[in-house]
Colleague: 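Submitted below is the structure of interest, expressed as structure tokens.
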Amino acid sequence: MQSFIKSLILGVVLAVVGYAVAPMLGALAGNLLLPLGLFLGTLIGGLVMGGGFTGAGASSTSGSAASGDMQSIFVGNLAFKARNEELRELFGKYGEVGSVRIMTDRQTRRPRGFAFVEMPPAAAAKAIKALDGQEFIGRPLRVSEGTERKPRS
């Protein structure tokens, strides 16, 4: 959310600069510069501030940690009614949680029964050891180190 606010502020700054330059470009350009400045500022600001786009098939909540020093954890046999906040709370007992993504079906948007949680490596190892096999919302979790997705043919 902070990234969005920062990018919006950058958009407003670009819009103000656009209005300052508008008299030199003519009246039509002045009418277009405000929305164009807001759009470009938000887009550029979001990319510069580290914001990103969540791909289809995942619902995500982000934390404060950079994903460069995070380890992905696979969480399987997840109850369909599990929510991001509940997983964040469960894994948060073992360390900082960078992000939680409960995977969903692209067409129906229903949960697929597994998720990925990002944590620093030391905390991830503790969480994997402690939570593998533990019951969560009536189902025993399968928790393991996440692996890279194999490319589709």
Side-chain angles (χ1 to χ4, degrees), residues 1-18 32-153:
M1 186 67 172
Q2 290 177 343
S3 178
F4 173 74
I5 293 170
K6 290 177 182 177
S7 63
L8 188 61
I9 291 170
L10 183 60
V12 170
V13 169
L14 285 176
V16 170
V17 170
L32 295 176
L33 283 178
L34 177 63
L36 184 62
L38 285 171
F39 173 76
L40 289 176
T42 304
L43 183 65
I44 293 168
L47 294 173
V48 168
M49 299 296 175
F53 301 100
T54 302
S59 65
S60 176
T61 58
S62 295
S64 61
S67 63
D69 59 345
M70 292 288 178
Q71 179 178 343
S72 181
I73 302 170
F74 171 80
V75 184
N77 200 32
L78 192 59
F80 293 130
K81 61 182 177 178
R83 301 287 172 246
N84 286 337
E85 298 78 23
E86 295 168 328
L87 280 176
R88 180 176 291 281
E89 184 179 327
L90 178 68
F91 281 82
K93 296 174 186 175
Y94 303 97
E96 180 183 6
V97 177
S99 68
V100 174
R101 295 175 313 207
I102 296 177
M103 306 314 288
T104 57
D105 183 88
R106 289 183 186 181
Q107 293 174 336
T108 65
R109 294 288 186 206
R110 293 184 180 173
R112 294 183 62 196
F114 67 96
F116 292 95
V117 176
E118 287 189 342
M119 298 179 77
K126 285 193 291 187
I128 291 169
K129 185 176 180 181
L131 295 175
D132 188 35
Q134 180 178 334
E135 190 172 309
F136 180 67
I137 309 181
R139 300 184 74 161
L141 293 178
R142 290 189 204 129
V143 183
S144 62
E145 185 176 331
T147 58
E148 288 291 321
R149 187 177 190 177
K150 295 178 184 172
R152 293 181 179 183
S153 58

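Bear in mind that the values here come from a model prediction, so they are computed numbers and not experimental data.
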Colleague: If every non-hydrogen atom of Pro120 is compared with every non-hydrogen atom of Glu96, which pair is closest and at what distance?
Modeller: CD-O, 3.1 Å
Colleague: What residues form a side-chain contact (heavy atoms from CB on, under 4.5 Å) with Thr147, not counting sequence neighbours?
Modeller: none
Colleague: Restricting to non-hydrogen atoms, name the atom on Ala123 and the atom on Gly95 that form the minimum distance, rounded to 0.1 Å.
Modeller: CB-CA, 3.8 Å
Colleague: Which heavy atom of Pro111 sits nearest a heavy atom of Ile102, and at what distance?
Modeller: CB-CG2, 4.5 Å
Colleague: Check whether any side-chain heavy atom of Val75 sits under 4.5 Å from a side-chain heavy atom of Phe91, and report yes or no.
Modeller: yes
Colleague: What closest approach, in Å, do Met119 and Met70 show between heavy atoms, and which atom pair accounts for it?
Modeller: C-SD, 3.2 Å
Colleague: So, for Phe114 and Gly76, which heavy atoms are closest and what is the spacing to 0.1 Å?
Modeller: CB-CA, 4.1 Å
Colleague: Residues two or more places apart in sequence or in another chain: which of them pass ring pair (Phe, Tyr, Trp, His ring centres under 6.0 Å) with Phe80?
Modeller: none
Colleague: Atom CG of Leu78 and atom CD of Glu86: how far apart are they, to the nearest 0.5 Å?
Modeller: 9.0 Å
Colleague: Would you give the length of the straight line joining atom CZ of Arg110 to atom CG of Asp105, rounded to the nearest 0.5 angstrom?
Modeller: 9.0 Å
Colleague: Under 3.5 Å, side-chain donor or acceptor atoms of residues 132-139 against the rest of the protein: list the pairs with distances, not counting sequence neighbours.
Modeller:
| residue | atom | partner | partner atom | Å |
| --- | --- | --- | --- | --- |
| Asp132 | OD1 | Val143 | N | 3.0 |
| Arg139 | NE | Asn77 | OD1 | 3.3 |
| Arg139 | NH2 | Asn77 | OD1 | 2.7 |

Colleague: So, for Leu87 and Ala115, which heavy atoms are closest and what is the spacing to 0.1 Å?
Modeller: CD1-CB, 3.9 Å
Colleague: So, taking the atom named NZ in Lys126 and the one named NZ in Lys93, what distance separates them when rounded to the nearest 0.5 Å?
Modeller: 14.0 Å
Colleague: Can you tell me how far the CD atom of Glu145 sits from the CD1 atom of Ile73, to the nearest 0.5 Å?
Modeller: 9.0 Å
Colleague: Side-chain contact test, heavy atoms from C-beta onward, threshold under 4.5 Å: evaluate it for Leu90 versus Leu141 and give yes or no.
Modeller: yes
